[in-house]
Amino acid sequence: MNSGFHVLGIWGMGGIGKTTLATVLYDRISYQFEACCYIENVCKIYEDGGSIAVQKQILCRTIDEKILDTHSPSEIATIVRNRLHNIKLLVVLDNVDQIEQIDELDIRHVLLHPESRIIIITRDEHILRAYGANIVYNVELMNGIEAHKLLCRKAFISDYSCSTFAELIPEVLKYTQCLPLAIRVIGSFLHSRNAKQWKATLDRLRNSLPDKILKVLQVSYEGLDEEDKEIFLHIACFFKGERKDYVSRILDACGLQPDIGIPLLAEKSLITIKNEEIHMHEMLQELGKKIVRGQHPDEP
Ligand SMILES: Nc1ncnc2c1ncn2[C@@H]1O[C@H](COP(=O)(O)OP(=O)(O)OP(=O)(O)O)[C@@H](O)[C@H]1O
Ligand SMILES: [Mg+2]
């Protein structure tokens, strides 16, 4: 890692491979630090015990400080300041979904060693900007070759397919749209199944998103305010691929404040804006449609 920055942010939609990437990075660079820790689920730890619980995890995993239960929040803050400030430290904070979870740690200005680093992983780019990350890396969908390889590795335990499945593989890849989570879930399901079963599975997938994928993606939707949920559902059902100004005019007429809502959905990796058009990953669109069908079961 180059010196000259302290905070690296990694962001992208659910299941795109942020944790996978950060884990590889951590394995490659952690030996260069005097102490390091990878906190996997910051939002959950914060939800259960607040910022003090996250600070305790950092202390116990980096400097092996274990007898912390009797300490007050201010004592913990003092230990963080006294024990961490002068060591070369690497802290990875994965699954951050609110700025408070990192702000309240009060860690950034404590790490005074010039080569200490914090890596923050989130689905929400705004958190990284608001925290002042020096470098923000956007994880992108796999390319077609990587997606093909991953599918073969999951479905056949090899990088290549056999001819029986030659026609079916593009169908699966078209469905999974280069999202590693979907390729892994569906590829593993298809492992050791015959061509007839592959076809039947594809037919099923066209009607419903597998639960394992749905649950991961739904977290992003559930974290939205009501108005932004509405905007997400409108885009999923009607406006995918449409021009941003056209969609904004319609949403505005519905009183949904698209000027804030559309950028917010993009920051949260639920849509992307390319050439002034609004795009949405097909699986997120499927999620949106499923939610709408659930809200209006009587209307097709
Ligand atoms: N480059 C890759 N090669 C092979 N498999 C990958 C790759 N990237 C991701 N995967 C697989 O895709 C799945 C989802 O990846 P990962 O958990 O890293 O996503 P994420 O972006 O951290 O998602 P979330 O926002 O839910 O935390 C994992 O099972 C992982 O093994
Ligand atoms: Mg992750």
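Counting starts at 1 for both ligands and their atoms, in listed order.
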(request) May I ask you to decide if M13's main-chain N or O and K18's side chain share a donor-acceptor pair within less than 3.5 Å? (result) yes

(request) Write out the residue and atom name of the closest protein heavy atom to atom 25 (O) of ligand 1, then the distance separating them to 0.1 Å. (result) K18 NZ, 2.7 Å

(request) Looking only at protein heavy atoms, identify the closest one to atom 30 (C) of ligand 1 and say how far it is in Å. (result) T20 OG1, 3.5 Å

(request) Specify the protein heavy atom at minimum distance from atom 14 (C) of ligand 1: its residue, its atom name, and the distance to 0.1 Å. (result) G15 O, 3.7 Å

(message) Does the Lys NZ or Arg CZ of R193 fall within the cation-pi geometry relative to F189 - under 6.0 Å from the ring centre and within 45° of the axis?
(response) yes

(request) May I ask you to say whether E75 pairs ionically with R81, meaning some side-chain N is under 4.0 Å from a carboxylate O? (result) no

(message) Please list the nearest protein heavy atom to atom 10 (N) of ligand 1 with its residue and the distance rounded to 0.1 Å.
(response) P180 CB, 3.5 Å

(request) Kindly state whether the ring of F165 and the ring of W198 have centres lying under 6.0 angstrom apart. (result) yes

(message) Tell me the protein heavy atom at minimum distance from atom 4 (C) of ligand 1, and give that distance in Å.
(response) L150 CD1, 3.5 Å

(request) Specify whether an N/O/S atom of T20 falls short of 2.8 Å from the Mg ion (ligand 2). (result) no

(request) Among all protein heavy atoms, pick out the one at the shortest distance from atom 13 (C) of ligand 1; state its residue, atom name and that distance to 0.1 Å. (result) L181 CA, 3.7 Å

(request) Return yes or no for this condition: an N or O of G17 is under 3.5 Å from an N or O of ligand 1. (result) yes

(request) Using atom types as modelled and distance alone, determine if a side-chain donor or acceptor of T176 lies under 3.5 Å from a backbone N or O of I183. (result) no

(message) So that I can tick it off, tell me whether K88 and E115 are bridged by a salt bridge, with the cut-off set at under 4.0 angstrom between side-chain N and carboxylate O.
(response) yes

(message) Out of all atoms in ligand 1, which are within 4.0 Å of some heavy atom of R184? Include the element for each.
(response) 28 (C), 29 (O)

(message) Taking D48 first and then K44, would you say they form a salt bridge - that is, a charged N and a carboxylate O separated by under 4.0 Å?
(response) yes

(request) Any atoms of ligand 1 less than 4.0 Å from a non-hydrogen atom of V216? List them with their elements. (result) 26 (O)

(message) I need the atoms of ligand 1 closer than 4.0 Å to a non-hydrogen atom of M13, numbered in the order shown.
(response) 21 (O)

(message) Heavy-atom contact check, 4.0 Å cutoff: does E146 meet ligand 1?
(response) no

(message) Under a 3.5 Å distance rule, please check whether S188 uses its side chain to pair with a backbone N or O of K154 as donor and acceptor.
(response) no

(message) Using a 4.0 Å cut-off to any heavy atom of I16, which atoms of ligand 1 qualify?
(response) 19 (O), 21 (O)

(request) Could you tell me the residue and atom name of the protein heavy atom closest to atom 22 (O) of ligand 1, and the distance to it rounded to 0.1 Å? (result) T19 OG1, 2.8 Å

(request) Flag the pair R206 and D203 as a salt bridge only when some basic side-chain nitrogen lies within less than 4.0 angstrom of an acidic carboxylate oxygen. (result) yes

(message) What protein heavy atom lies closest to atom 2 (C) of ligand 1? Include the residue and the distance to one decimal.
(response) M142 CE, 3.5 Å

(message) Could you tell me if the side chain of Q101 sits less than 4.5 Å from the side chain of V54, heavy atoms only?
(response) no

